[in-house]
Amino acid sequence: ICDKMFSRAGDLKKHSIRHNGDKPHQCNICSFTSVAASDLRKHIFTHTGDRPFKCDQCIFSCNNANNLKSHKLGHSDTKPYKCIQCDYASRKAHYLKVHVLTHSKERSFRCGLCPDTFKSVFLLQKHTFKHTGRESYKCNVCEYSCRYNSTLKMHQKRHKRKLINC
């Protein structure tokens, strides 16, 4: 069925369940089902609100070990995902995937309001703001709003500056 090899019969049996479509592990709160009991245990956290995976460098916590691992990359300068066409490197695989599109000539994301096309969904969304005028990023301290998250972050730094009394 697939190319995976196992040294123990029990491991093969567990793996084979993935191919027959059987999902024997059922959540008793909702309709979620899974092949593996471990997946069901992780799913249960969505109902309980438990966040047992905690970052040792900040207050971040989550219900998934992989999410914690991804979060921790933000605390380091390590950028394991490297572009093979230029010097670009990123902390997350998704960022690299989006970056690789910049090397492509393909522009498969078309604006529904004009003939323009784009290399990524992000660039299309950014472009669409020109048509809608919608400013979706709002400051939580004042009435300021803008089109881009990066612009909002720069604005919010103004609120964090310490004022010095005369």
Which heavy-atom pair separates Thr117 from Arg107 by the least distance, and what is that distance?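 Here Thr117 and Arg107 meet closest at O-NH2, 2.6 Å.
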Quick check: closest heavy atoms across Cys114 and His127, and the distance to 0.1 Å?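 Taking Cys114 first and His127 second, the nearest heavy atoms are SG-NE2, 3.3 Å.
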Name each donor-acceptor pair under 3.5 Å that joins a side chain in residues 52-65 to protein atoms two or more places apart or in another chain, with its distance.
from	atom 1	to	atom 2	distance (Å)
Lys54	NZ	Arg51	O	2.8
Ser61	OG	Arg51	NE	3.3
Asn64	OD1	Asn66	N	2.7
Asn64	OD1	Asn67	N	3.1

Within a reach of under 6.0 Å around NZ of Lys119, are more than 12 heavy atoms found that belong to other residues, nucleotides or ligands?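 Yes - once you tally the heavy atoms of other residues, nucleotides and ligands closer than 6.0 Å, there are more than 12.
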Determine whether [X] and [Y] make a side-chain contact, defined as any pair of heavy atoms from C-beta on separated by less than 4.5 Å.
X      : Y      : value
Leu96  : Tyr88  : yes
His43  : Ser34  : no
Cys27  : Thr33  : no
His155 : Cys142 : yes
Phe32  : Ile44  : no

Val100 and Ser104: CA distance, side-chain angles, deciding distance, side chain to side chain contact (heavy atoms under 4.5 Å, CB included) verdict: CA-CA 7 Å; Val100 167; Ser104 168; over 6 Å; no
Apply salt bridge (charged side-chain N to carboxylate O under 4.0 Å, His left out) to Asp87 and list each qualifying residue two or more places apart in sequence or on a separate chain.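 So Asp87 forms no salt bridge (charged side-chain N to carboxylate O under 4.0 Å, His left out) with any residue.
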What distance separates [X] [atom1] from [Y] [atom2], expressed to the nearest 0.5 Å?
X      : Y      : atom1 : atom2 : value
His99  : Tyr81  : NE2   : OH    : 15.5 Å
Lys72  : Thr78  : NZ    : OG1   : 12.5 Å
Asp116 : Leu124 : CG    : CG    : 9.5 Å
Phe45  : Leu40  : CZ    : CG    : 10.5 Å

Treating Ile, Leu, Val, Met, Phe, Trp and Tyr as nodes and any side-chain heavy-atom pair under 4.5 angstrom as an edge, say whether Leu123 and Leu101 lie in one connected cluster. no
What pairs meet the side-chain hydrogen bond (donor to acceptor under 3.5 Å, both in side chains) rule with one or both residues in residues 89-98, with sequence neighbours excluded?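 Residue pairs passing side-chain hydrogen bond (donor to acceptor under 3.5 Å, both in side chains), neighbours aside: none found.
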